[in-house]
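In what follows, every chain begins at residue 1, and chains take the letters A, B, ... in the order their sequences are listed.
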There are 2 protein chains.
Amino acid sequence: MEDRTDKASSDKATYQVTADDVAKLAGVSRWTVNRAFKKEASISAKTREKVMQAADTLGYLPDLLAASLASDRSNLVCLMVDDFANPHKLVMLERLTRILRKHGWDSLLVNTANDTETSAALMSASQRRVDAAVVIGIQFNDSNLATAQGARRVRKLIVFARSSENPDTISVCCDDVAAMDTITDYVIERGYRKPLFLAGPQTSSAHLGRKETFLRRWSNEFGQTPDFLVADRYDARLAYDLIHGTFVDRSVQDLPDIIVCENDALAMGAVDALRYGLGLRVPEDIAVTGFDDIPQVDSPNYKITTYRQPLTAMAEGLVEILRGTADNSALNHFRGQLVVRESA
Amino acid sequence: MEDRTDKASSDKATYQVTADDVAKLAGVSRWTVNRAFKKEASISAKTREKVMQAADTLGYLPDLLAASLASDRSNLVCLMVDDFANPHKLVMLERLTRILRKHGWDSLLVNTANDTETSAALMSASQRRVDAAVVIGIQFNDSNLATAQGARRVRKLIVFARSSENPDTISVCCDDVAAMDTITDYVIERGYRKPLFLAGPQTSSAHLGRKETFLRRWSNEFGQTPDFLVADRYDARLAYDLIHGTFVDRSVQDLPDIIVCENDALAMGAVDALRYGLGLRVPEDIAVTGFDDIPQVDSPNYKITTYRQPLTAMAEGLVEILRGTADNSALNHFRGQLVVRESA
DNA sequence: CGCCTTTTTGCACGCGCGTGCAATCACTTT
DNA sequence: AAAGTGATTGCACGCGCGTGCAAAAAGGCG
């Protein structure tokens, strides 16, 4: 005990206080100390108090590494992001990290922008025994999943804010069909009749996608399928080039009266292209709608009509999955709301 | 050996392959197996090959949790972000996660937006034995640092993209004095003579800040200190309100001819306020400069003249700190470059 | 007050790997 | 070919905590 104390005070900066030290000081066993730090442990109030006090004076905190190793649960979640160009990612990261931490999970942020490294990233995550890997906003590539043998050590594979057909995967997302129905209703109600759909990267599970929903719905309504363009990244600049390149030498009567975009990043690029590339007015000449309601589209420069996903509820749904208490049938049917601004 | 094999095949999904299994298959000791996975280990090429092959067929990967526990180095870095409103954070996160991972570190993303939770976040990070905590873009609050006893288990406290005076802290940032000098030179050279500085949250180490540098420099040059405004968050909307509120009922001759902003988020808000709130033209009536060169300011809507920090080099500098091979004297003197667009 | 039930506490063993050193092997030199 | 040298391999012990159960303590009742 003596030398323990000495050691602790002599090089406080590096000496790791362990549960044993606290136990000694509090006059209990090491196990009791650790129990004091577990919410639902069976321990008497005064013992816990005594332990906590000792822990406090020693500056003790349980070591999560050792705990994870022993218990085989890390309370760590891996967030995989491959598209840092879309500002909506920042919004999602803020929400997810906040909600996850509130419920006891820490977040490992993995950059899978380099497509070939996705499976490597997954394996690395598995090496840290993450409780789950959450793919944010992008359909998880099947080949990546297949090649990532390491995935078998990742307990759960979750796709967030994106529907997924993969059977090894759980998807937490809003109901794209309902969302696009809402947008379509609005577009029709406002009298637009020559829409163009600006889609993002096409994923494998396309038949439930926003683009497909809009096209099908419109076709049912008016008997003809609208035109669409596909951007292979959610990038405003790319959308700019696409819109500009497509319309630059088209006559006025061949232009759409509204561009329905798969998300806000594309919508911003579209607005810029219409205004600055083609000299058109938004919404007078051509209207634009987005999706996500990122902070930027509320700028007076854009004022884009868009659709807001219930990110907090979705994040809470994710937590339920982690806990294993989720009602999986409801997880991909979250409802958001239309946010009407001036662009349409 | 028999039952090992059985176990592995029977519930492959959950059974954790360990170095022992690989050792048995490869006919070597467990320690040799782990050596094969260490870059600089002393092991013969053919033994390693043999081991790797066995590891491959078993799908083995070293367990980083156990490794961290045993070695007391986690190869984990905690990235602390408290301001998700600034899109530049996304750029920094992309860069940091990519560079860190390239050098073998994983990133724990901690949301400290709720100010009171900063020290709690630090403690939690220390519970995972992170090799370092990196505070991104905001001056680390001294009281937080002080109260966070857990910090003593965090080996290194690093402030990224922000200068810091705190002695317990290492700062990796660009040379704000040089940067503001460059901007000031440009402003003067272009003939602006009535500047207003739009500053962000004031930190404790203010005397080296961008605002102070600009004011001092201008005063030296022209004998008078320019006006300034202070926004207490780097938020475009806040900047909009501030600029609009300040100038809305001021006569034309009392307006500045340029607004020098502490970063792009503020600059975007300023541009919006000038154009949409006050009906002024940028840059014809009032020019604007920013800082950071976030992707959004390259939009044709903004085209803001700004200053780009060398984020990649800074991230590499951070890695050097983690490795302990850094030349600390150079770490807060990175030089960026002026990016001239149309706003000034 | 003694017996029984219900907390509360203690403990052996294991989680998978790293460290530092000792033992062994491979290869060179004379 | 024997001795010497450096490269390679094996191993005891420990990292800090969880699990599941047994032992002990604390209440409850007549």
Side-chain angles (χ1 to χ4, degrees), chain A residues 4 7-8 14-24 26-52 54-55 58-76 104 126-129 131 150 153, chain B residues 4 7-8 14-24 26-52 54-55 58-76 104 126-129 131 150 153:
Chain A
R4 273 300 204 196
K7 201 174 177 188
T14 58
Y15 175 68
Q16 161 118 338
V17 182
T18 131
D20 276 312
D21 303 324
V22 179
K24 223 165 294 177
V28 297
S29 73
R30 174 175 73 68
W31 293 270
T32 302
V33 172
N34 287 1
R35 263 195 207 95
F37 281 87
K38 302 219 74 172
K39 266 282 181 298
E40 2 60 77
S42 107
I43 185 176
S44 75
K46 53 178 167 297
T47 310
R48 170 173 271 151
E49 177 57 31
K50 189 170 55 177
V51 169
M52 291 314 244
L58 260 45
Y60 167 80
L61 286 176
D63 185 314
L64 260 37
L65 237 47
S68 301
L69 183 60
S71 71
D72 203 34
R73 286 178 308 101
S74 60
N75 286 304
L76 236 195
S126 81
Q127 290 186 266
R128 294 206 187 265
R129 298 199 187 184
D131 292 338
R153 252 158 87 180
Chain B
R4 274 298 205 199
K7 203 173 175 189
T14 59
Y15 176 67
Q16 161 119 337
V17 183
T18 133
D20 276 313
D21 302 325
V22 179
K24 222 164 295 175
V28 297
S29 73
R30 174 175 74 70
W31 292 272
T32 303
V33 172
N34 288 0
R35 264 194 206 97
F37 281 87
K38 301 221 73 172
K39 265 281 180 301
E40 1 59 79
S42 106
I43 186 175
S44 76
K46 51 178 168 296
T47 310
R48 170 173 272 152
E49 176 58 28
K50 190 170 55 178
V51 169
M52 290 315 242
L58 259 46
Y60 167 81
L61 285 176
D63 185 312
L64 259 38
L65 237 48
S68 302
L69 182 60
S71 71
D72 202 36
R73 288 180 307 101
S74 60
N75 285 304
L76 235 196
S126 81
Q127 290 184 267
R128 293 203 188 267
R129 299 200 187 181
D131 292 338
R153 253 157 88 181

Taking all non-hydrogen atoms of both residues into account, name the closest pair between A/V22 and A/A54 and its distance.
CG1-CB, 3.9 Å

Helical bend (five base pairs per end, nearest 10°) for the helix from C/dC1-D/dG30 to C/dT30-D/dA1:
30°

Going by distance alone, is a donor N or O of one side chain under 3.5 Å from an acceptor N or O of the other, for A/D72 and B/Q16?
no

Kindly give the heavy-atom pair with the smallest separation between B/L65 and A/R128, and that separation in Å.
CD1-O, 3.9 Å

For A/S68, give me all partners under side-chain hydrogen bond (donor to acceptor under 3.5 Å, both in side chains), at least two apart in sequence or on another chain.
none

Side-chain contact, heavy-atom cut-off 4.5 Å: A/N75 with A/L64?
no

Under 4.0 angstrom, heavy atoms only, what part of the nucleic acid is B/S44 near: base, sugar-phosphate, or nothing?
sugar-phosphate

Just how far is it from atom CH2 of B/W31 to atom CD1 of B/I43, taken to the nearest 0.5 Å?
14.0 Å

Main-chain N/O of B/T18 paired to B/D21 side chain as donor or acceptor, under 3.5 Å
yes

Select from A/K46 and B/V28 the residue whose nearest nucleotide in DNA chain D is closer to the 5' end of that strand.
B/V28

Would you give a per-nucleotide map of nucleotides 13-20 of chain C, 5' to 3', where B means the base has a protein non-hydrogen atom under 4.0 Å away, S means only the sugar-phosphate does, and - means neither?
-BBBBBBB

Once you round to the nearest 0.5 Å, how far does NZ of B/K24 lie from CG of B/L58?
10.5 Å

It should be established whether A/T32 places a side-chain nitrogen or oxygen under 4.0 Å from OP1 or OP2 of nucleotide C/dG10.
yes

